[in-house]
Enquirer: 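My questions all concern the structure below.
When reading the values below, keep in mind they use all heavy atoms of this one structure, side chains included, and skip hydrogens, waters and symmetry mates. In listed order, ligands and their atoms are each counted from 1.
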Amino acid sequence: MPSTRVRLAVAAVAALALATPFVVRSAADAATTTQQPQASGDFTAAQVLAGIQKNSTSSTQVNTKPHINTMTRKMNVNVYQVAPGIYSYTSSMAIDDDGSDPDPDPDHQGQTTFQTSDGKQLGAHHVPFFVLGDDCWDRKSPCPHFFYKEHNIHGRQFALVFYQGKVIGAIFGDTQTANNQTTSSNDSRELGEASVKAAALLGIPSSGTTGGVDNGVTVTIFSGSSWVVNGTNSTLNNNAQAMVQKALNTLGTAMGLGGSGSPTPPPGGGLFEAETGTLSAGGTFDSNHTGFTGTGFANTANAAGAYVDIPVTVTAAGTQTLTFRYSDGSTAARPATISVNGTSHGTLNFPTTANWDTWAKASISVPLTAGTNHIRVIATTAAGDANIDSVTVS
Ligand code: GCU
Ligand code: CA
């Protein structure tokens with residue numbers, strides 16, 4: 001169901017504000033937003049947000065007509081593809097208090113567009129969720145605005161939400177209806193609304209009538225079925241928060257943070273997605289087989305000599321173990337020569353897996369130099385490489 005955050009007249013809002021104290025963020029809420037200690041290879045929220053801002057340029061802009069900031073009503077919100085399949089906008093946070101839980105706010109309604117995994121309405125006080133437009137306002141395809149259905153985004157799709165040094169996980173829970181498309185209120189071009197719980201976690205006043213913030217909230221959506229969050233009203237929040245660090249690492253890697261010219265190189269080791277690399281002619285980065293990490297995997301051409309070349313950055317020189325995550329659903333192993341910066345270090349076998357959705361690991365030790373190394377997986381048979389998902393350095 002559409003969100004119906006009613007915008008009260010200014011005088012009424014002021015009167016309510018006097019009568020209703022702002023919700024104070026509880027210690028428990030604060031704890032859930034505290035970042036875990038950084039493990040080796042982890043990206044911080046600040047690093048990733050800086051990368052998002054750097055990648056939010058006219059060349060990555062998805063919409064051709066601007067969206068409306070839900071709180072200020074200004075038509076100045078744009079959506080950027082900051083990495084393959086990852087979409088980001090910065091706007092207000094208006095407060096959606098829809099869902100199944102009892103709620104004192106007068107504009108509360110009982111239904112959300114999407115539901116929990118067990119079919120209940122999402123509770124805005126329990127589940128951090130964000131709101132997108134429910135149709136293409138212009139009725140055109142491709143939509144001149146950012147329309148989620150054109151971007152492999154589904155109910156409960158995961159997003160990182162950044163605000164004033166904090167980051168939380170949230171899910172796509174509700175939509176902003178177009179209504180009759182003639183008023184500026186409840187317009188599907190709006191962006192910048194999220195649930196009571198999302199606001200509370202970020203320290204934003206969370207009342208459905210007096211809460212919200214006008215600007216500075218960045219919502220970064222991870223598309224694709226592997227980023228849909230499952231759970232109930234009591235588990236969805238924890239399940240979303242449990243994905244935050246993985247999402248930061250996925251996006252940090254996908255944006256190439258830590259490569260040359262980046263603000264902070266990652267520590268030695270870590271996981272490097274194949275889709276940050278390059279392919280020989282005829283190869284593609286695909287996402288049609290499930291179970292990959294990041295935004296996809298490398299599918300080289302079926303030819304001897306076909307390769308994927310993955311940049312891997314370490315802080316110190318030394319011998320390291322490269323562990324490739326791969327899939328080979330064909331009937332024969334797909335051996336490949338592993339080279340580092342153009343020097344071959346032997347042949348690694350990639351035995352078959354049950355099918356193309358099953359992923360296995362194959363390891364080899366190689367010498368690396370400090371800085372960026374080019375790891376090339378070069379097919380030795382006419383079948384080409386196995387599908388390569390990532391390489392871990394340890
Ligand atoms: C199939 C499969 C691809 C794979 C290819 C191959 O087409 O879908 O992901 O790369 O086989 O044999 O290389
Ligand atoms: Ca292939």
Enquirer: As an exercise, state the distance from CG of Leu236 to OG1 of Thr116, rounded to the nearest 0.5 Å.
Expert: 7.0 Å
Enquirer: For ligand 1, what is the set of protein residues having any non-hydrogen atom at a distance below 4.0 Å?
Expert: His289, Asn299, Asn302, Arg334, Trp356, Asn387
Enquirer: Measuring from Tyr87:OH to Ile221:CD1, what's the distance to the nearest 0.5 Å?
Expert: 9.5 Å
Enquirer: Supply the atom-to-atom distance Gln157 CD to Phe114 CZ, rounded to the nearest 0.5 angstrom.
Expert: 9.5 Å
Enquirer: Have a look at the Ca ion (ligand 2) and estimate, to 10 degrees, the angle subtended by OD1 (Asn299) and O (Thr300).
Expert: 70°
Enquirer: Can you check whether Tyr89 reaches Phe130 side chain to side chain, under 4.5 Å on heavy atoms?
Expert: yes
Enquirer: Would you say the side chains of Asn233 and His126 form a donor-acceptor pair under 3.5 Å?
Expert: no
Enquirer: Nearest heavy-atom pair of Thr57 and Lys54: which atoms, and what distance?
Expert: CG2-O, 3.3 Å
